[in-house]
Amino acid sequence: MFHNRATKRPEAAGGADRSRQAPVHILLLGLSVLLPLALFTWTAWSEHRQALAEAEQGAARTVAALHEHAARVLETNELVLSEVTRQTEGRPWEEIARDGRLWTYLLRVAADLNQPVDITLADAEGRVRMTTTRFPAARGDSLAGQEDFEVLCSRQGWTHVGVQAATAVAPRQITLSRRRVAPDGRFDGILRVGVPVGQFTAFWGRFAPNIRYVVTLARSDGQVISRWPAQSYPERVPTDGPFLRNALAQREGHFSARSLIDDVERISAYAQVRDYPLHLVFSVDTAAVLEGWRDRVLLLGLYTALAVVALLGMAIMAVRQYREQRDMVRQLEAESARREQAEAALRRAQTLEAVGQLTAGVAHDFNNLLQAIRSGLYLLSPRVPEASRKVLDASLQAVDRGAKLVRQLMVFSRREALQPRPVDPRALIAGVGELLQKAVGAPVAIETAIAADVAPAMVDPTQAELAMLNLAINARDAMPQGGRLTIGACNARLEQPQGAAPAGEYVVLSVADTGIGIPPEVLERVLEPFFTTKAVGKGTGLGLAMVHGFVTQSGGDMRIESAPGHGTTVSLWLPRAAAPVEPEPPAEPIQAPGGACCSLLLVDDDALARLATAAALRELGHEVAEARDGEEALIVLGQRHDLRVMVTDYAMPQMNGAELARVARRGRPDLAVIMITGYAAGLPGGRPPEVRGLLRKPFRIEELDAAVREAAGLEAVAG
């Protein structure tokens, strides 16, 4: 369905937008490169920070474990010194030097430590008086001149931590020395415990992570105790270097710097060993930490490059195909409009389906009631005096109008079986001309615009006349002050499918008025069932919906063109007939009742319709047996073999009329079956082969009598 709407045209509305599309394409071109690069940079930077942060946390955890080990080793040797002090306190050096039991005790103490240690005792002159390496001590062994002896001799402290260089018989050692004091308070020698540096490095090797690292143990003055796993290292490091500068400022922490020893950038964590002037630092190569990050960044960079290339290519293609895209946009707009039309048609179809289901049920019951009324009026007809004949005729006309209303409702819901045939548009318009003039009234002038070569249309003529009348009445209401109504007919061709109408040749019937027109918001809803802008009691909202249902069911399409103040034109696109118009045969008069009669069975579940119809048939002289459903009908047929005709309703509970006819003729092949139905649309699936005749309610009794006589092989006699 196409509508002319008083809205801004899409082409005009989109012109300004298209004029700005070139900068938009340039922006997209830039974003296709910048956005992936920005995401790549942010991701790489975030992962770089995360990798460094994880390395710092790992170094801090590792140095904490190394610190605990070193502290336990030194504290254990502090206890050894305390025990040696207790064992030698107050004893002269000569006695100590000859005491084999003391030497054995010191060996046992060293053995209990489960670690190699060297315990050495030297007098005030530095002569070694006892050592765990041999007994007795060599006469020439002396500690005089060594760092710890000189420091303690000069009374610079009670304990001293030093380092003993490796010799031919002993590895490099870290020494823990304590000053011995005579009873009079003078310096009386030193007690030393030496622990091999390998005691520390062995633990470092077992505990350190699987990454390139360096562990350094240094004294506060820069003396390097050990640097592992380095094969060589300097004896001292500067106190103003990154390691000691940070270590002397606070007990523990971390830093990143380039090493002054081997010029390698490392991430380091450090801690002071208890209260000793010793500092441990665990350092991992920054390059090793970032190796995994580099691999991920390279992979991410590859993906980013591919994304940039892909997006850039797409953007370039978009720019190059700019004109093609404009055509595509127009096609999409047209497709969107068609989709909206399809969705609107679907909504209308769903509404019509729901209303149709309701209408079909109401029509069935309404036709049963009309049949009961018609049969009753037929029975009363001979008994009504002439003075009341007009009332009887008016009642019969009311029944006919009710039946016509039901048929119109079924056409609206697309459930009425149309009877299309070739119809001449000239004859159709001429046939409704007098009715049109009466319907629209004097203030409206009626004109015709019929093409000379107009072809016949393939439609149901009765429904086409009703459609033209409906459109004329709507046009009259749109011209309350009078105007001009133009009825036209011409040939047309549809190149593309439109709504329910396929492409092909059509005859277009049009009704145009010069009225007030239809606003766009109303135009979108005029085909909705029960939608009306008229006052209460002035319209049902079914007129255009019924016309649209008839046209769609006929295989055509309906178009409405309107604008406020410019009138309205409604065009009915009806299929063109392939065959010429055939003259209508003269109507055969229905024969009056008379002649021979027969015995028949009337089956109907509606008691009112059954009783009235049976009484009317008996009035005509037929012998009528009644049944209210299929099961009862089969029982009667089994008992009455004289019944020649069965008149049965279609819609009945448990067993419908078609099923009853099939079962009944199986046992009685000679039984003639006439089907009656309250469905205005006829029987679902068509008339069964077992059924000889079909009548729709409300039928005239004369029609049923003629059908019964024909089925029984009787001749009607004019009366």
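- The environment of CD in Glu447 is crowded: more than 12 heavy-atom neighbours from other residues, nucleotides or ligands sit within 6.0 Å.
- For Arg338 and Glu335, the salt-bridge test passes: some basic side-chain N is under 4.0 Å from an acidic carboxylate O.
- For Ser554 against Pro575, the heavy-atom pair with the smallest separation is O-CG, 3.2 Å.
- Here the closest heavy-atom approach between residue Val459 and residue Val423 is recorded as O-CG2, 3.7 Å.
- For the pair Cys597 and Leu620, the tightest heavy-atom approach, listed with the atom from each and the gap, is SG-O, 3.6 Å.
- Between Asp649 and Lys697 there is a salt bridge, with a side-chain nitrogen of the basic residue lying less than 4.0 Å from a carboxylate oxygen of the acidic one.
- Without hydrogens or angle criteria, Glu632 side chain to Asp629 main chain gives no donor-acceptor distance under 3.5 Å.
- Sorted by first and then second residue, the side chain to side chain donor-acceptor pair (under 3.5 Å) pairs involving residues 569-581 (not counting sequence neighbours) are Glu505-Arg576.
- Note that the CD1 atom of Ile676 and the CG atom of Leu602 stand 5.5 Å from one another [nearest 0.5 Å].
- In this structure, the side chains of Pro443 and Gln481 stay at 4.5 Å or more apart for every pair of heavy atoms.
- Taking both residues in full, the closest heavy atoms of Leu572 and Val547 are given as CD2-CG1, 3.8 Å, listed atom of the first, atom of the second, then distance.
- The backbone N or O of Met675 sits nowhere less than 3.5 Å from a side-chain atom of Thr648 that would complete a donor-acceptor pair.
- Rounding to the nearest 0.5 angstrom, the gap separating the CE atom in Met652 from the CG atom in Asp604 is 7.5 Å.
- Annotation: the span from Arg709 atom CZ to Leu600 atom CG amounts to 10.5 Å, rounded to 0.5 Å.
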Q) Checking side-chain contact (heavy atoms from CB on, under 4.5 Å) for the pair Met558/Thr552: CA distance, chi angles, key distance, verdict? A) CA-CA 8 Å; Met558 176 175 173; Thr552 304; over 6 Å; no

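- With respect to the salt-bridge test (charged N to carboxylate O, under 4.0 angstrom), the residues Glu495 and Arg493 qualify.
- Of all non-hydrogen atoms in Pro425 and Ala489, the two that sit nearest each other are CB-CB, 4.0 Å.
- Partner of Glu623 under the side-chain hydrogen bond (donor to acceptor under 3.5 Å, both in side chains) criterion, chosen from Arg640, Arg618, Arg644: Arg640.
- Using a 4.5 Å cut-off on side-chain heavy atoms (C-beta onward), Ile701 and Glu619 make no contact.
- Side-chain contact between Asp460 and Gln553 is absent, with no heavy-atom pair separated by less than 4.5 Å.
- The shortest distance between side-chain heavy atoms of Val454 and Arg426 falls below 4.5 Å.
- The closest donor-acceptor contact from the side chain of Asn491 to the backbone of Asp453 lies under 3.5 Å.
- Using a 4.5 Å heavy-atom threshold, the side chains of Glu465 and Leu428 count as touching.
- The number of heavy atoms from other shown groups lying within 6.0 Å of CD (Glu659) is above 12.
- Atom CG of Asn474 is separated from atom OG1 of Thr568 by 9.5 Å, given to the nearest 0.5 angstrom.
- Using a 4.5 Å cut-off on side-chain heavy atoms (C-beta onward), His622 and Val645 make no contact.
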Q. Hey, mind stepping through Leu611 and Glu626 against side-chain contact (heavy atoms from CB on, under 4.5 Å) and telling me if it holds?
A. CA-CA 8 Å; Leu611 292 175; Glu626 300 180 39; 3.6 Å; yes

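- Counting only heavy atoms from C-beta outward, the side chains of Arg668 and Met646 never approach each other to under 4.5 Å.
- Taking each heavy atom of Ala501 and Tyr506 in turn, the nearest pair found is CB-OH, 3.4 Å.
- Atom-to-atom distance recorded for Tyr650:OH and Asp605:CG is 12.5 Å, nearest 0.5 angstrom.
- Residue Glu631 holds its CD atom at 10.5 Å from CG of Leu660, rounded to the nearest 0.5 Å.
- Proximity of a side-chain donor or acceptor of Arg610 to a complementary backbone N or O of Val603 within less than 3.5 Å is not detected.
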